[in-house]
Structures are given as structure tokens and as C-alpha cells.
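A short write-up of the structure that comes next.
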Amino acid sequence: MTLTLTLLGVAFLIIWRWWNVRPALFWGWGYLCWAACDLLLLPDFRSASLRPEILPQALFLTSIFLQMHGLQDRIGEAKFALRTRLALYISVTSVTAWLVLFPHLKWVELLIRLMMRLALTGIALATMRRHLKQKVDKLLFGVVVAMTLSIIAVAIPLIHAARLSGGGPISTDIVMMARDVGNVVSIAFSLAIFLAVLLDVAQHHRNEALLDSLTGLPNRRQFEVFRKTEWRRAAHERQSISLLLIDVDLFKAYNDTYGHAAGDQCLIAIAGVIRATVQQRGNLCVRLGGEEFAVLIPGADVSDAFVVAEKICLGVRTMSLPHENNPHGVVTVSIGVAAVVPINNDERTLFEAADTALYSAKSHGRNRVEEAIWSV
């Protein structure tokens with residue numbers, strides 16, 4: 001069992017190091033602490049001193065704390081929850097270490113440990129219950145519930161036996177049963193969170209393939225998939241679909257004057273304006289590449305899309321990022337707008353119309369929005 005826990009700890013640390021899945025860091029150290037605790041409980045490590053008794057208790061409680069922290073870190077939580085859990089862990093560890101000095105209070109020590117575990121898993125379950133959108137999250141929730149019930153079922157007879165023993169040795173059968181159940185529960189939990197980590201890694205790679213690394217917006221690949229899907233839906237429902245093509249005015253001159261680092265920050269700021277403006281569900285804003293962005297708005301006609309484009313244009317100008325090569329003195333954007341009900345129309349015509357409108361906006365002085373003439 002010690003070897004299994006060690007391998008799990010190392011595996012999670014490797015996953016954290018290679019794929020930056022942060023919860024794996026806490027799970028890795030948690031399982032290594034559990035393995036060290038299991039190792040210190042072997043007969044070869046026992047002695048008459050209190051040190052081997054206190055250390056396994058501290059390592060075990062640390063492992064529980066790290067596992068639950070990793071579970072909630074994966075979902076996301078408020079900082080006060082971490083502080084509450086940390087205070088609980090420190091206080092329980094201190095009290096447990098002190099109770100080791102009094103063998104006749106072994107049952108109190110076990111009771112406090114049980115209460116800590118129930119508190120930690122209870123906090124985790126309360127957080128997880130609000131994040132059950134994916135199947136793996138539901139699986140994890142069920143595993144933690146089963147783990148909690150198993151802990152209670154095993155701890156009660158163990159606490160009762162420790163109370164009856166009055167500080168003497170507890171029945172070997174009960175201790176072995178508790179350890180066996182604990183091992184089974186730990187392996188089941190580890191397999192569940194290992195599956196969750198692998199799915200998180202897969203999702204991370206999917207996001208890397210579909211997101212622009214600089215701005216965090218979807219990239220052109222995701223745009224093409226979304227455009228085809230929404231085009232078919234609009235054609236089926238006889239609804240309009242609108243496209244905005246956005247280009248940063250004189251961006252090459254901006255890069256040459258202020259440097260590429262400033263250029264990157266400029267693109268990030270513009271992406272933030274676009275994201276904040278186009279925040280309704282069902283819309284998609286992307287970075288097509290370089291200084292060009294696009295916004296696809298299903299269900300919007302050209303007048304609705306024009307209003308959105310004007311807001312983006314004004315929002316970028318209002319940032320007042322200095323641009324000495326721009327006649328307006330600040331960073332601005334030009335936007336081409338097109339909209340169509342896709343009946344007997346090729347989906348490429350929407351992009352071509354918006355591109356033509358964008359070219360018109362740039363040729364008429366930039367920092368403006370132009371609408372495609374044939375938009376319906």
C-alpha cells in the first residue's frame with residue numbers, strides 16, 4: 001500500500017510539472033504524506049518514544065488537508081474557505097499531537113480526527129454541489145460522498161473500541177478492518193481524481209488549440225467551426241446572422257514606434273474591450289490573427305450589429321492609448337459590418353461583404369464603422 005500511495009503521489013506531481021494542472025500539486029504531496037504516514041506505522045518503525053506516534057498523526061492529517069484542498073482548488077473557491085480550512089487543520093493537528101501524550105484519551109483523538117475529516121469533506125461537497133455540469137464532476141461528487149460514509153462507518157466502531165480499551169491496545173481485527181477500508185477508499189478516490197486530472201489535461205490541450213495564446217479569445221479555427229454551425233442554424237430558422245470585422249488602425253506603425261511588447265499589451269486591451277462589449281450569450285468574438293478581430297452575432301440584423309460595432313469603436317478610442325502615427329493621436333479601430341439571412345447564400349459571402357465594408361472604413365479615414373451595402 002505504501003508503494004501504491006508513493007506512485008500516486010509521484011504521478012500527480014509529474015502531471016502538475018508537465019501540464020500545470022495545479023490541483024495535482026496538492027494531491028501529489030497529499031499522497032506522499034499518506035505514504036510516509038503508512039511507512040511510519042510499520043512495526044519496524046515503532047518504538048517506545050512518542051515521536052513515531054505524533055509524526056504519523058501529523059502526516060495523516062496533512063494528507064487529508066492537501067487532498068481536500070486540491071479538490072476545491074480544481075473547482076475554485078473564495079479565499080476565506082482556504083483560511084477556514086487551514087485554521088481547522090492547524091488546530092486539530094495541534095490538539096491531536098497533544099492528546100497522544102494521554103493513551104487513555106485515544107478515543108477522543110480519533111473522534112477529533114473524524115470531525116476534522118467530516119468538516120473538510122463537508123466543505124468540499126458543499127462547493128462541488130454547485131459545480132456538477134460535467135460527468136466527471138458528478139463522479140467525483142459521488143466518490144467523495146461514498147468516501148465520507150465509509151469513513152463514518154469505520155470510525156464509529158474504532159472510536160468505541162478505543163473508548164472501551166481505556167488506553168490499552170485496540171482489537172487487531174478492528175484496526176485491520178479500518179486500514180483495509182481506508183486503503184480501498186483512498187484508491188477509489190485516487191482513481192476518480194486521476195480521471196478528472198486526465199480530462200483536465202485533455203481540456204487544456206483543446207483550449208490551447210482553440211484559444212489565442214495572447215488575448216485569450218477564441219482563435220480562427222474555433223471561429224470557422226462556430227460560423228459554419230451558426231450559418232446552418234440561421235438557414236434552418238430563417239434568421240439573420242451578423243459579422244463584424246475589426247482591424248487596429250496603423251498597427252504596424254504602432255509596433256515600430258512603441259515596440260512589440262507594447263503592441264501585445266495594446267491587442268490585449270482591445271480584446272478586453274471587445275469581450276466586454278460582446279458579452280451576450282451565443283455571440284463569439286475572436287482574434288483572427290495579427291491585429292484583426294471578428295465578432296459573430298447570430299440572430300442580429302445589420303442595425304443591431306452596427307450599434308455593437310459603434311460601441312467597440314468608441315470603447316477602443318476611449319482607452320486613449322497614445323499613438324503618435326495615428327491622425328487621431330490615440331489607438332483606434334476600423335470595423336466592417338455585414339448581415340444576411342442565409343437563404344441560397346454561400347457562407348463565404350458574409351465574410352467577403354464584411355471585409356469589403358472594413359476596407360471602405362479604412363479608406364474613408366479609419367476610426368469608423370462601415371456597413372456592407374447589400375446586407376439584409
May I ask you to decide if [Y]'s main-chain N or O and [X]'s side chain share a donor-acceptor pair within less than 3.5 Å?
{"X": "Thr121", "Y": "Leu118", "result": "yes"}
{"X": "Asn219", "Y": "Gln222", "result": "yes"}
{"X": "Arg368", "Y": "Gly365", "result": "no"}
{"X": "Ser91", "Y": "Leu88", "result": "yes"}
{"X": "Trp16", "Y": "Arg22", "result": "no"}

Does a donor on one side chain sit under 3.5 Å from an acceptor on the other, for [X] and [Y]?
{"X": "Tyr89", "Y": "Thr62", "answer": "yes"}
{"X": "Ser334", "Y": "Asn367", "answer": "no"}
{"X": "Ser240", "Y": "Asp301", "answer": "no"}

Between [Y] and [X], is the closest basic N to carboxylate O distance under 4.0 Å?
{"X": "Glu352", "Y": "Arg348", "value": "no"}
{"X": "Glu109", "Y": "Arg113", "value": "yes"}
{"X": "Arg74", "Y": "Asp137", "value": "yes"}
{"X": "Arg232", "Y": "Glu230", "value": "no"}

Looking only at heavy atoms, what is the nearest atom pair of [X] and [Y], with distance?
{"X": "Ala35", "Y": "Thr2", "value": "O-CG2, 3.5 Å"}
{"X": "Ala357", "Y": "Glu370", "value": "O-CB, 3.3 Å"}
{"X": "Ile270", "Y": "Phe293", "value": "CG2-CE1, 4.0 Å"}
{"X": "Gly299", "Y": "Gln239", "value": "CA-OE1, 4.2 Å"}
{"X": "Ala300", "Y": "Ala339", "value": "O-CB, 4.3 Å"}
{"X": "Lys138", "Y": "Leu132", "value": "CE-O, 3.0 Å"}

Honestly curious: do [X] and [Y] fall in one hydrophobic cluster under the side-chain, below-4.5 Å linking rule?
{"X": "Leu191", "Y": "Phe189", "result": "yes"}
{"X": "Leu158", "Y": "Leu164", "result": "no"}
{"X": "Val307", "Y": "Val316", "result": "no"}
{"X": "Leu110", "Y": "Ile156", "result": "yes"}
{"X": "Leu267", "Y": "Leu321", "result": "yes"}

Phe194 and Val197: side-chain contact (heavy atoms from CB on, under 4.5 Å), yes or no, with the steps?
CA-CA 5 Å; Phe194 201 76; Val197 167; 5.6 Å; no
May I ask you to test the [X]-[Y] pair for a side-chain heavy-atom distance under 4.5 Å?
{"X": "Arg17", "Y": "Ile14", "result": "no"}
{"X": "Leu217", "Y": "Val286", "result": "no"}
{"X": "Pro298", "Y": "Phe226", "result": "yes"}
{"X": "Leu243", "Y": "Leu350", "result": "yes"}
{"X": "Leu288", "Y": "Leu245", "result": "yes"}
{"X": "Leu32", "Y": "Leu13", "result": "yes"}
{"X": "Val143", "Y": "Val185", "result": "no"}
{"X": "Ile246", "Y": "Val295", "result": "yes"}

Val108/Arg163 under side-chain contact (heavy atoms from CB on, under 4.5 Å): CA gap, chis, key distance, verdict:
CA-CA 8 Å; Val108 179; Arg163 189 166 184 269; over 6 Å; no
Scan residues 308-330 for pairs that pass salt bridge (charged side-chain N to carboxylate O under 4.0 Å, His left out), counting only residues two or more places apart or in two chains.
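For residues 308-330, and leaving out neighbouring residues, there are no salt bridge (charged side-chain N to carboxylate O under 4.0 Å, His left out) pairs at all.
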Under the ring pair (Phe, Tyr, Trp, His ring centres under 6.0 Å) criterion, do Phe26 and Phe65 qualify, and how do the steps go?
CA-CA 9 Å; Phe26 303 109; Phe65 170 77; 8.5 Å; no
Take a 6.0 Å sphere around [atom1] of [X] and say whether it holds more than 12 heavy atoms from other residues, nucleotides or ligands.
{"X": "Met115", "atom1": "CE", "result": "no"}
{"X": "Arg366", "atom1": "CZ", "result": "yes"}
{"X": "His160", "atom1": "NE2", "result": "no"}

To the nearest 0.5 Å, tell me how far [X] [atom1] sits from [Y] [atom2].
{"X": "Leu61", "Y": "Leu66", "atom1": "CG", "atom2": "CG", "value": "11.0 Å"}
{"X": "Leu244", "Y": "Phe306", "atom1": "CG", "atom2": "CZ", "value": "10.0 Å"}
{"X": "Leu5", "Y": "Ile187", "atom1": "CG", "atom2": "CD1", "value": "7.5 Å"}
{"X": "Gln57", "Y": "Leu99", "atom1": "CD", "atom2": "CG", "value": "10.0 Å"}
{"X": "Leu214", "Y": "Gln265", "atom1": "CG", "atom2": "CD", "value": "8.0 Å"}
{"X": "Leu140", "Y": "Leu195", "atom1": "CG", "atom2": "CG", "value": "8.0 Å"}

Pair Ile241, Leu296 - check side-chain contact (heavy atoms from CB on, under 4.5 Å), show working.
CA-CA 8 Å; Ile241 184 170; Leu296 196 65; 4.2 Å; yes
What verdict does the side-chain contact (heavy atoms from CB on, under 4.5 Å) test give for Val330 and His323, after you've listed the backbone C-alpha separation in whole Å, the side-chain angles of each residue and the deciding distance to 0.1 Å?
CA-CA 5 Å; Val330 294; His323 188 351; 5.5 Å; no
Students often mix this up, so state it plainly: with edges at 30° and 60°, are the rings of Phe102 and His104 parallel, tilted or perpendicular?
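Perpendicular.
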Could you check whether the rings of Tyr31 and Phe12 sit parallel, tilted or perpendicular, using 30° and 60° as the cut-offs?
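Parallel, since the angle between the ring planes stays under 30°.
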When you look at Ser242 and Asp304, which way does the side chain to side chain donor-acceptor pair (under 3.5 Å) test go after all the steps?
CA-CA 9 Å; Ser242 298; Asp304 295 333; over 6 Å; no
